[in-house]
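One structure below.
Any value given below was found using the heavy atoms of this structure, including those in side chains, with hydrogens, waters and symmetry copies removed.
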Amino acid sequence: DTNVDLHLRQSQLNQTALKVDIKDAAEPALIVKSDAVSGKLGVNTASPQHELDVTGSARISNALVAQGNVTVHGTSDLQNTVNVHANMGFTVAEPQARLHILDDGQQDALRIDSQFNGEQTPLVYKNGMLGLGYHNPRVQLDVKGDANISDELTVMGQTKLEHTLY
């Protein structure tokens, strides 16, 4: 093909088609290998296991488009805006809501920390209890501070008052 500057033809399947070494490095800088199924490109690895197998850091300066699943092992640092156009689950294999969190009782399922008038006023959901202003809610709805109810308040069951009712 006259439109190609460099063309490599692999002599046999499972052979290395291209290998670029760096002096005194343990692994090659670049390796292209092909088997009967598909070609594999390895960066800093002598044995690429995937179509693109990178050992070390990689940088994409524009967009990364993935069709299919993305699996991340380790900590992820997402900066700027993250848009999710479907359901998102935390410890849930198949989320059933836009945000679906499975509360396993080991830690807070949801925690939002906020500063108000110099005080930390958290919103915490754990073990089936929601705390407003409390890190460790004691009942299903535990509110520290004033509450404003603009419509009717219906109480089913007993009502216990510990302070003055105005």
Side-chain angles (χ1 to χ4, degrees), residues 27-166:
E27 293 285 330
L30 177 69
I31 191 160
V32 178
K33 197 175 216 182
S34 183
D35 56 23
V37 179
S38 63
K40 292 187 168 99
L41 174 63
V43 178
N44 292 331
T45 178
S47 311
Q49 302 298 308
H50 305 280
E51 283 73 19
L52 175 61
D53 198 340
V54 178
T55 299
S57 298
R59 179 179 177 173
I60 298 170
S61 60
N62 197 344
L64 172 64
V65 177
Q67 292 180 332
N69 297 329
V70 175
T71 302
V72 177
H73 298 278
T75 301
S76 298
D77 183 15
L78 303 174
Q79 298 178 3
N80 298 325
T81 302
V82 176
N83 295 311
V84 178
H85 298 278
N87 295 347
M88 178 183 285
F90 291 86
T91 64
V92 177
E94 296 181 24
Q96 301 299 308
R98 287 286 184 218
L99 178 61
H100 189 161
I101 302 171
L102 177 62
D103 182 4
D104 62 3
Q106 301 298 311
Q107 62 183 12
D108 299 346
L110 176 66
R111 178 176 172 155
I112 301 172
D113 289 329
S114 178
Q115 293 288 334
F116 181 72
N117 289 337
E119 281 190 47
Q120 186 180 32
T121 55
L123 179 141
V124 174
Y125 182 82
K126 70 178 180 183
N127 298 325
M129 296 178 280
L130 179 63
L132 302 172
Y134 286 110
H135 286 98
N136 294 302
R138 302 160 297 192
V139 294
Q140 282 185 314
L141 177 59
D142 204 351
V143 179
K144 178 181 181 182
D146 295 337
N148 183 2
I149 300 170
S150 61
D151 208 336
E152 292 182 16
L153 172 65
T154 303
V155 178
M156 306 289 280
Q158 296 180 344
T159 303
K160 179 181 177 184
L161 296 175
E162 294 184 5
H163 297 285
T164 306
L165 179 64
Y166 293 100

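- At least one donor-acceptor pair under 3.5 Å links the side chain of D104 to the backbone N or O of Q106.
- Of all heavy-atom pairs between V70 and A66, the closest is CG2-CB, 3.7 Å.
- Contact between H135 and V124 at its shortest, heavy atoms only, is O-CG1, 3.6 Å.
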> Under the side chain to side chain contact (heavy atoms under 4.5 Å, CB included) criterion, do L130 and L123 qualify, and how do the steps go?
Replying inline: CA-CA 7 Å; L130 179 63; L123 179 141; 4.0 Å; yes

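- Within the structure, the side chain to side chain donor-acceptor pair (under 3.5 Å) test picks out the following pairs touching residues 55-78 (sequence neighbours left out): D77-Q79.
- Taking CE from M129 and CG from N136, the interatomic distance works out to 8.5 Å, rounded to the nearest 0.5 Å.
- The CG atom of D103 sits 5.5 Å away from atom CG of N127, with the distance rounded to the nearest 0.5 Å.
- Partners of D113 under the salt bridge (Lys or Arg N to Asp or Glu O under 4.0 Å) rule, at least two apart in sequence or in another chain, are R111.
- Here CD of Q120 is found 5.5 Å from CD of Q115. Values are rounded to the nearest 0.5 Å.
- Counting only distance, with no hydrogens or angles, the side chain of D108 and the backbone of L110 share no donor-acceptor pair below 3.5 Å.
- Side-chain N or O atoms of N87 include one that pairs as donor or acceptor with a backbone N or O of P95 at under 3.5 Å.
- To the nearest 0.5 Å, the span separating CG on L141 from CG on L132 amounts to 6.0 Å.
- Minimum interatomic distance between H100 and Q96 (heavy atoms only, all atoms of both residues): ND1-N, 2.9 Å.
- Residue pairs meeting the side chain to side chain donor-acceptor pair (under 3.5 Å) criterion with at least one member in residues 139-157, sequence neighbours excluded, are R138-D142.
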